[in-house]
Amino acid sequence: MKMKRLAIDFWDFISRQGVADEFAMENQMTTLLNRAATFTSWGAFNMFIVTCLTNQDIVYMTITMIVTIMYGLIPVLHHFKKIRWVRLYFATLLPLWYTFTLLCIGGNFSQSITATATLTITYVLFDKEKQLRMKLMLYNILIYVLPVTYLAFYPPFFGVRNYPFDEVVVFLLCIGWISVIFLIYQSEKEVLIKDLQEKNKALERTTEELEQFTYIASHDLKSPLRTVISFLGLAERKIERKQYEDLPRDLEFAKKGAEQMHYLISDILELSRINVNSKEQREWIDLNDIIEISTNNLQQEISEKDAIVNLPDLPVYLCNSVEFAIVFQNVIQNGIKYNKSAIPTVNIQTEETDNQLLIHFDDNGIGIEEKYFDRIFQFFKRLHTQKEYKGTGLGLGLCKKIIQNYNGDISVQSRVGEGSVFTIQLPHVIPPENK
């Protein structure tokens with residue numbers, strides 16, 4: 001069992017050479033090259049040992065030792081982070097060994113399948129560099145065709161060597177190298193499928209949002225617009241008749257309708273600014289600074305209701321400061337707004353695990369019935385009338401959209417009359433200085 005554990009640890013160690021965060025796009029290829037090269041080096045070395053113990057063919061022993069060293073260098077170079085060098089080394093120097101072997105001892109079958117495997121791997125290694133890939137493939141073809149052409153007229157330098165086990169081992173090793181290609185393309189296919197699935201989900205979300213915008217345009221905006229038109233028309237007729245008694249009331253209704261339209265339009269614009277592809281705008285930010293900005297923006301509401309916001313010690317996080325300020329501000333504002341306590345209070349707590357960062361917002365507000373837990377996170381869905389609480393119903397839906405863009409979620413637990421706990425769940429991200 002101990003030997004088995006050592007063998008597994010050694011295999012893992014070899015596989016990991018050159019695997020690093022800065023080469024994230026190359027890591028899979030690096031691992032596969034390490035494994036295939038180690039197998040090939042080990043196979044060639046075994047052929048060297050067998051030759052030493054049997055016919056002691058110096059030429060064949062020299063060739064197998066060269067192959068052992070050349071393939072063994074791949075994980076060594078990867079260890080020193082020479083990722084680019086390894087790719088070029090594989091495509092330019094490694095093919096020289098089968099050219100040398102062809103000229104020395106022949107072996108068209110084994111060398112041809114080796115050349116085919118090398119050519120195929122070269123094609124994959126330089127998939128994103130079309131011009132360089134074409135030059136390297138022509139080079140590989142050329143250095144195989146030239147010795148084969150020579151052998152069509154002249155014998156190998158040291159005569160033909162036909163060892164049965166040689167052909168079998170080379171064939172099996174080449175199958176291993178070609179398997180690398182299938183593994184890479186299988187992985188790329190899975191990545192492509194996953195990417196398409198994510199884009200399809202994003203498209204579904206966009207379609208849903210467009211439907212919501214259509215609903216807003218046809219319903220939510222029409223209602224306050226009708227109010228404005230109706231009461232302005234009524235005021236106009238009263239002015240013509242010189243009936244001024246109820247005129248201030250009519251104008252007040254028209255003003256409230258216009259204000260509601262203003263809130264809706266402002267919120268729609270805010271929603272449109274949230275960009276699903278905002279990763280390039282993210283940076284490491286102290287969340288304490290964002291909480292401070294959010295509470296400063298809410299000073300009027302906090303002062304008016306003598307509210308208390310108890311702040312925790314938050315970590316740094318890779319995010320967009322504007323987006324997180326919107327989230328924190330909306331959740332804190334809800335805890336104060338929907339609150340009939342003498343001293344509205346919002347307690348913020350954090351919890352960190354290996355996989356998640358949890359931020360809890362615990363308030364002593366009016367609470368929410370369980371059947372509405374999902375509804376409150378939908379755009380422009382309200383549980384209360386404008387008379388009870390002003391607003392458009394966008395806030396928590398906007399929070400949900402932002403947090404989901406970070407592969408996180410926001411949820412609520414609540415009991416009517418006892419307050420609510422909103423929990424933001426985010427993937428745990430380790431700052432660079434702590435890695």
Side-chain angles (χ1 to χ4, degrees), residues 14-15 17-19 23-45 47 63-64 66-78 82-103 105-149 151 166-193:
I14 290 293
S15 301
Q17 297 308 301
V19 174
F23 309 119
M25 299 298 293
E26 301 280 351
N27 282 341
Q28 186 196 26
M29 174 63 82
T30 297
T31 299
L32 292 172
L33 285 177
N34 285 338
R35 292 173 176 176
T38 301
F39 265 125
T40 304
S41 182
W42 179 79
F45 182 71
M47 291 163 65
I63 291 172
T64 53
I66 289 172
V67 175
T68 300
I69 294 170
M70 291 188 76
Y71 282 96
L73 279 174
I74 287 179
V76 173
L77 290 172
H78 275 154
K82 305 298 182 183
I83 307 299
R84 177 72 172 173
W85 288 18
V86 171
R87 282 23 176 192
L88 293 171
Y89 170 78
F90 185 93
T92 57
L93 297 181
L94 274 184
L96 295 177
W97 80 259
Y98 56 73
T99 300
F100 175 74
T101 303
L102 275 169
L103 292 172
I105 61 173
N108 285 334
F109 172 74
S110 57
Q111 312 320 327
S112 63
I113 60 173
T114 303
T116 302
T118 305
L119 194 66
T120 310
I121 295 289
T122 299
Y123 181 89
V124 174
L125 287 176
F126 297 93
D127 182 54
K128 296 179 181 178
E129 300 176 74
K130 308 297 183 183
Q131 291 186 349
L132 179 59
R133 181 179 67 183
M134 183 60 66
K135 292 176 182 177
L136 290 172
M137 292 183 69
L138 288 173
Y139 164 79
N140 272 264
I141 293 169
L142 186 63
I143 64 170
Y144 175 74
V145 170
L146 287 177
V148 169
T149 303
L151 293 175
D166 172 270
E167 305 288 347
V168 173
V169 171
V170 171
F171 177 73
L172 292 175
L173 290 174
C174 285
I175 287 178
W177 278 104
I178 293 172
S179 297
V180 170
I181 306 297
F182 289 107
L183 287 172
I184 291 169
Y185 277 108
Q186 177 65 25
S187 175
E188 289 183 351
K189 184 181 75 172
E190 290 173 358
V191 169
L192 179 61
I193 291 172

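Just so we're clear, the structure is a prediction, and the values are computed from it rather than from any experiment.
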Asker: Check side-chain contact (heavy atoms from CB on, under 4.5 Å) between Lys128 and all other residues, then give those that pass, not counting sequence neighbours.
Answerer: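 Expected list: Met25.
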
Asker: If you look at every heavy atom in Gly18 and Ile83, which pair is closest and at what distance?
Answerer: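 Taking Gly18 first and Ile83 second, the nearest heavy atoms are O-CD1, 3.7 Å.
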
Asker: When you compare the side chain of Ile74 with that of Leu94, does any pair of heavy atoms fall below 4.5 Å?
Answerer: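 The answer is yes; the side chains approach within 4.5 Å.
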
Asker: Ala37 and Pro75: which non-hydrogen atoms are nearest, and at how many Å?
Answerer: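 Shortest heavy-atom separation between Ala37 and Pro75 comes out as CB-CD, 4.3 Å.
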
Asker: Can you list the residues that meet the ring pair (Phe, Tyr, Trp, His ring centres under 6.0 Å) rule with Phe90, with sequence neighbours excluded?
Answerer: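 Partners of Phe90 by the ring pair (Phe, Tyr, Trp, His ring centres under 6.0 Å) criterion, ordered by chain and then number, come out as Trp177.
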
Asker: According to side-chain contact (heavy atoms from CB on, under 4.5 Å), who are the partners of Val76, at least two apart in sequence or on a separate chain?
Answerer: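 With sequence neighbours excluded, Val76 shows a side-chain contact (heavy atoms from CB on, under 4.5 Å) to Phe80, given in chain and number order.
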
Asker: Would a distance-only check, ignoring hydrogens and angles, find a side-chain to backbone donor-acceptor pair under 3.5 Å from Thr31 to Asn27?
Answerer: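 Pair found, side chain donor or acceptor close to backbone of Asn27.
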
Asker: Should we say atom OH of Tyr139 is surrounded by more than 12 heavy atoms from elsewhere, each under 6.0 Å from it?
Answerer: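 Result for OH/Tyr139: enclosed.
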
Asker: Give the intermediate values and the outcome of side chain to side chain contact (heavy atoms under 4.5 Å, CB included) for residues Leu136 and Tyr123.
Answerer: CA-CA 9 Å; Leu136 290 172; Tyr123 181 89; over 6 Å; no

Asker: Determine whether Thr99 and Gln111 make a side-chain contact, defined as any pair of heavy atoms from C-beta on separated by less than 4.5 Å.
Answerer: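 Not touching, per the 4.5 Å side-chain cut-off.
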
Asker: Any sub-3.5 Å donor-acceptor pair from Thr68's side-chain atoms to Phe45's backbone N or O?
Answerer: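 Checking the backbone N and O of Phe45 against the side chain of Thr68, a donor-acceptor pair under 3.5 Å is found.
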
Asker: Quick one: list whatever passes side-chain contact (heavy atoms from CB on, under 4.5 Å) with Lys135, sequence neighbours left out.
Answerer: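 Once residues adjacent in sequence are excluded, Lys135 has no partner under the side-chain contact (heavy atoms from CB on, under 4.5 Å) criterion.
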
Asker: Nearest heavy-atom pair of Gly106 and Leu151: which atoms, and what distance?
Answerer: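 In terms of heavy atoms, the two residues are closest at CA-CD1, 4.3 Å.
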
Asker: Mind jotting down which residue pairs meet the salt bridge (Lys or Arg N to Asp or Glu O under 4.0 Å) criterion with at least one end in residues 24-44? Sequence neighbours excluded, please.
Answerer: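 Only Glu26-Arg87 qualify under salt bridge (Lys or Arg N to Asp or Glu O under 4.0 Å).
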
Asker: Tell me the closest heavy-atom pair linking Asn34 and Ser15, and the distance in Å.
Answerer: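 That would be ND2-O, 3.2 Å.
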
Asker: Using side-chain contact (heavy atoms from CB on, under 4.5 Å) as the criterion, list what pairs up with Pro95, not counting sequence neighbours.
Answerer: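 Only Tyr98, Thr118, Asn140, Ile143 meet the side-chain contact (heavy atoms from CB on, under 4.5 Å) criterion with Pro95.
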
Asker: Under the side chain to side chain donor-acceptor pair (under 3.5 Å) rule, collect the residues that match up with Gln17, sequence neighbours excluded.
Answerer: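 Gln17 satisfies side chain to side chain donor-acceptor pair (under 3.5 Å) with His79 only.
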
Asker: Going by ring pair (Phe, Tyr, Trp, His ring centres under 6.0 Å), name the residues that satisfy it together with Tyr89, two or more places apart in sequence or in a different chain.
Answerer: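 Residues passing ring pair (Phe, Tyr, Trp, His ring centres under 6.0 Å) with Tyr89: none at all.
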
Asker: Distance alone, cut at 3.5 Å: any donor-acceptor contact between the side chains of Trp42 and Tyr71?
Answerer: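 The criterion, which ignores hydrogens and geometry beyond distance, is not satisfied for Tyr71 and Trp42.
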
Asker: What do the steps show when you test Leu96 against Leu93 for side chain to side chain contact (heavy atoms under 4.5 Å, CB included), and what is the final call?
Answerer: CA-CA 5 Å; Leu96 295 177; Leu93 297 181; 4.0 Å; yes

